Structure formats: structure tokens, C-alpha cells
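Let me begin by presenting the structure, written as C-alpha cells, before commenting on it.
Each chain gets a letter, A, B and so on, in the order the sequences are listed, and its residues count up from 1. Only a predicted model underlies this, so the values are computations on that prediction, with no experimental measurement involved. Just so you know, these numbers use all the heavy atoms, side chains as well, and skip hydrogens, waters and symmetry mates.
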Number of protein chains: 2
Amino acid sequence: MDNRAFKDQIYEQFGRLGKSLASPKRLEMLDVLCQGPRTVESLAVATSQTLANASQHLKVLRTARLVEAEKQGLHVTYRLAGTEVCDFFLAFRHLAESRLAEIERITRLFLDGKNVLEAVDQATLLKRVRSGEALVLDVRPEQEYRNGHIPGALSVPLAELEQRLAELPRDRQVVAYCRGPYCVMAVEAVEILRRHGHKAARLEIGVPDWRALGLPLESQP
Amino acid sequence: MDNRAFKDQIYEQFGRLGKSLASPKRLEMLDVLCQGPRTVESLAVATSQTLANASQHLKVLRTARLVEAEKQGLHVTYRLAGTEVCDFFLAFRHLAESRLAEIERITRLFLDGKNVLEAVDQATLLKRVRSGEALVLDVRPEQEYRNGHIPGALSVPLAELEQRLAELPRDRQVVAYCRGPYCVMAVEAVEILRRHGHKAARLEIGVPDWRALGLPLESQP
DNA sequence: CAAGTAATCAATCATTAGTTTAAATACTTG
DNA sequence: CAAGTATTTAAACTAATGATTGATTACTTG
């Protein structure tokens, strides 16, 4: 094997990894999988695509060894192949945010149409929670909450929020969070809360970012 | 803009970054650019492709804001758009190495055909240099050496090595390094040195990895 | 074991990406 | 300003990718 052949083979392997990151839908699926394992169907729904399509994309991710599949009865559960994959995804997202100004533009455009105001950062959140000024609200599906959440957070999935408003205080600020900066559940939660006269704000980051910051998480079996 | 439209636009942007990492040649170019700025032609030669091709790939990388171009007279010099890009590339490479067993297989297969033996790691290198057991040899082109090198390293570009063997000690081990684990210059240097009766070993990592480990570098204007 | 469900596979089509070659552009220098 | 060099662009072709649809497989449960 000569030098060129060696390099070509090596970079072709790197290219395999790169190619698996070259599709918006696959990246979205990785983002969702950072919250924990999911079945094919639930991934397909979460990312608005057909089952067959989701399955094909998962096959690509599996070939690149980014995800692993486990068959449990009728369902196949996919999970990230390791915590490095989630860390890498966050690094990837971070690089994209730092290089592509369009991302900020699109986000701003989207938020401008919402009654959300600016987000709270994790330092402010921690301070307000400690002083009792704020309550943390996890609006993701309950399964994801059980898989790991911000300590002390209350779980009220977005779908149930409107019915369960009575459980939430009106004298304290409610800080909602969800999967991450591009998951819109917290944005919707804040809109609902504000509409009903609650003081509400949004935490921009999600659980994977929280973990990557080295902050502690709570989880329930 | 509804939620789906927002997500689609956001992940499409992430996809732009992913797509730019989806070609082996582009990844190789990024690897080379981690050593410092280069002209189009020199990149084309380093990665064994035509000028037109190199230019097109650079255009893709520039669109993704991973590299920047500066025209100096007749030449266009490309450089990474920031140190985050080099850090990210190393993280990318690291993930690929950890997930894709093929990479190790190909590397082993390649090295088996060479008279190189195992590599020295940076801790061993530092120890041997301090104790005077070893001399560090930078076999990259001189420009890259000037741009930043391991402290105390001697610069002897691979192309000149055979003529300059007299400058190297025979009583101490010579540890050669180059651009990184998939740059073969250090491997070739060790072969030449061994063939001429020198004690020689290879440092597996390159300057970008050395920097990422937080170890100091020396550079010359 | 038949019916039903979750997931994968296979075939097709439209789109996109990469390579090659040739031509065009931008700049320097005699 | 003509000649030469570095780079980019354009056109043509081939290969690869992603979405869609329908068929198939693997498993559970009545």
C-alpha cells in the first residue's frame, strides 16, 4: 500500500462519518437521540418524516457507528453509540452556530413572532432557583424527564400544560426548558404561561447542554 | 413561520456544515490547513488533486465558513476561519477513530509493511527529551515548522533528510513527527533513519494535537 | 396459526455532488 | 500592454443521495 492509497483509505473513512452528518434529518435525529433512546416510529414522528425514511437514515447513522439498535419485541430502540457522540453533536452544533450567522437570523426571526422575550441563562436560573424566585419546569415528554432532568425541575409535558396550570405558582417566575435551543417546546410553554397570567421565561439550553457544562442532573428509573 | 418550518430551516443550516465535511478530499484539506495557511496550488499538490478540483472544494469550505481566503498578488492563501475549526477537526477525527474500527485496521495494515515499530507518546517523548535520551525532529516543510513546532525540535524536512543525516546524533534516539497520525512523513523519516543505522522512533501525534493537549509550542516569524 | 403491527428492504425517480476538461478572469512583470 | 502564472468558472458527464411507494420480514397476540 503506497502513501496515497493509505491516505485515500483513511480519509474515505473520515468521509463516512462526514457523510452521515450531511443530512438535516439525520442531524435532527441525533439531536433527539441526545435526549435518550427512542423507537423508529417515535423518531419518525418527532422529525416529521415517514417511517421508511427514518429507518433509512438510521441505517446510515448505524453504519457510521453513531447509533446502536436493539430489538425489543416488536420495537427497535435506537440510542447514541456512546456519550462521546452526544458531546460531539454539541460541538458540531456549537461550531455551526459560531460560523453560520444564518442560524441566529432564523432563530431571531422565529422568536420575533412569539411572545417570549429573551432567554434566561443557566447561571441566572441557578441563582433564582436557590433564592426561591423561580421554579424550573421541564416540558419534555415524561420519558425524557425520567431519563435525566435539571435538579428540582417539575415535569409537566407541554401537551398537559394547559390542564395543569393550577399546579404552577403565580407568585414565582416559571422557567421552562426543553430539549435544547432549537426545540420549540419551551417557547410554546412560555407563550401558554404568559397568556394565563404567569410570569414565565425560557431557558435556552437543554439537558444535553446542561450535562456538557458539567452541571448535575437528576434521573428516575 | 411555524415550528416545522423553523426546525427545517435550522437543521438545513446544520446540514450545510455537515455536507462540507462529507468529502474525503475536503477533510484532508482541512487536516493540512490545521498546519497553517496554504495556497490553492500547494493544497492541490498536498492532497493529490487537480487545481480546479481543489479550488472547488475550497469554495465549499468557504461557503460553510470553515476557511477564509486572502488574495496576495497572484496567489490566494487559504486559512482556517478560526482556531475553533482546528479544534473541531481534531474532535471530528477523534470521534471517527473511536467509532470506526476500520481506521485502526487500515493504519495497522499500512505500518505492518514498514520498518517503524510502535510509536512514542507525548509523555514518553517529554521524559526522554528532558533526560537527553532523545532528540525531537520535525520533518514537515520548513514553513510549517516556522509556523509552530514542538519546543527544542530540529527542523529537517523529509526531502532533505537523506542529505543531512550527518547533523543527527547516532548515540541518541531521534523521535520524528509530522502533521499528525495520518501524515506519513514521520513514518518515512524513521525508515530512512533506521536504514542508516540511527535509533529512530515516531511520535504519533502532530502539532495540532500537541497544541490541543495544552502543551507549549515554539514559533518563528 | 392467522391477523396485526413495527421495521426494513427494494425499486424508482429527481436532485445533488464530484471529476474532468477547457475557457475565462485576475494579477504580475518584463 | 503583451506574456505568463494562479485561480476560478463553466459545461458535460457520471456517481451518489434522498424521498416515495409498495412489498417483505420479524415479531406479538388473540
Return the nearest nucleotide to the side chain of A:K59; candidates are D:dT9, C:dC9, C:dT8. C:dC9
Would you find more than 12 non-hydrogen atoms of other residues, nucleotides or ligands less than 6.0 Å from B:E191 atom CD? yes
Within 6.0 Å of NE2 in A:H94, more than 12 heavy atoms from elsewhere: no
Can you figure out which of D:dC27, C:dT19, C:dA26 approaches the side chain of B:Q56 most closely? C:dT19
Does C:dA17 have its OP1 or OP2 closer than 4.0 Å to a side-chain nitrogen or oxygen of B:R26? no
Determine: side-chain N/O of A:Y78 to OP1/OP2 of C:dT8, distance under 4.0 Å, yes or no. yes
Please report, rounded to the nearest Å, how far the C1' atom of D:dC27 is from the CD atom of A:E70. 15 Å
Quick one: does any side-chain atom of A:K25 pair with a main-chain N or O of A:T47 as donor and acceptor, under 3.5 Å? yes
For a quick check of understanding: with a heavy-atom distance under 4.0 Å over all strands, which category does B:A52 fall into, base, sugar-phosphate or nothing? base
How many whole angstroms separate atom CZ of A:R62 from atom C1' of C:dC9? 12 Å
Under 4.0 Å from OP1 or OP2 of C:dA7: is there any side-chain N or O of A:H75 that close? yes
Let's see if you can work this out: which of D:dA19, D:dT7, C:dA7 has an atom nearest to the side-chain heavy atoms of A:K25? D:dA19
Looking only at the side chain of A:K71 (C-beta and beyond, no hydrogens), which of the listed nucleotides D:dG18, D:dA26, C:dA7 gets closest? D:dA26
Looking for any heavy atom pair under 4.0 Å, which part of the strands does B:Q49 touch: base, sugar-phosphate only, or nothing? nothing
Nearest-angstrom distance from the residue atom CG of A:D8 to P of C:dT19: 11 Å
Quick one: B:L51 CG to C:dA24 P, roughly how many Å, whole number? 18 Å
Between A:H57 and D:dT17, is there a contact of a side-chain N or O with OP1 or OP2 at under 4.0 Å? no
Between A:T107 and A:I103, is there a donor-acceptor pair closer than 3.5 Å when you use the side chain of the first and the backbone of the second? yes
Is there a donor-acceptor contact under 3.5 Å from the side chain of A:D209 to the main chain of A:G206? yes
How close or far is atom P of C:dG18 from atom OH of A:Y11, stated in whole angstroms? 18 Å
Between B:N53 and C:dT20, does any side-chain N or O lie under 4.0 Å from OP1 or OP2? yes
Please report, rounded to the nearest Å, how far the P atom of D:dA6 is from the CD atom of B:E41. 5 Å
Under a 3.5 Å distance rule, please check whether B:Y145 uses its side chain to pair with a backbone N or O of B:V139 as donor and acceptor. no
Atom-pair distance (CG on B:L58; P on C:dG18), nearest Å: 13 Å
Identify, between A:G73 and A:T50, the residue whose nearest nucleotide on DNA chain D lies closer to the 5' end. A:T50
What is the distance, rounded to the nearest whole Å, between atom CG of B:L21 and atom P of C:dA17? 14 Å
Looking only at side-chain atoms of A:L74, point me to the closest of C:dT5, D:dG18, D:dT9. C:dT5
Hey, which of these two, A:V60 or B:S55, hits DNA chain D nearer its 5' end, going by closest nucleotide? B:S55
Nearest to the side chain of A:K19, which nucleotide is it out of D:dT20, D:dG4, D:dT17? D:dT17
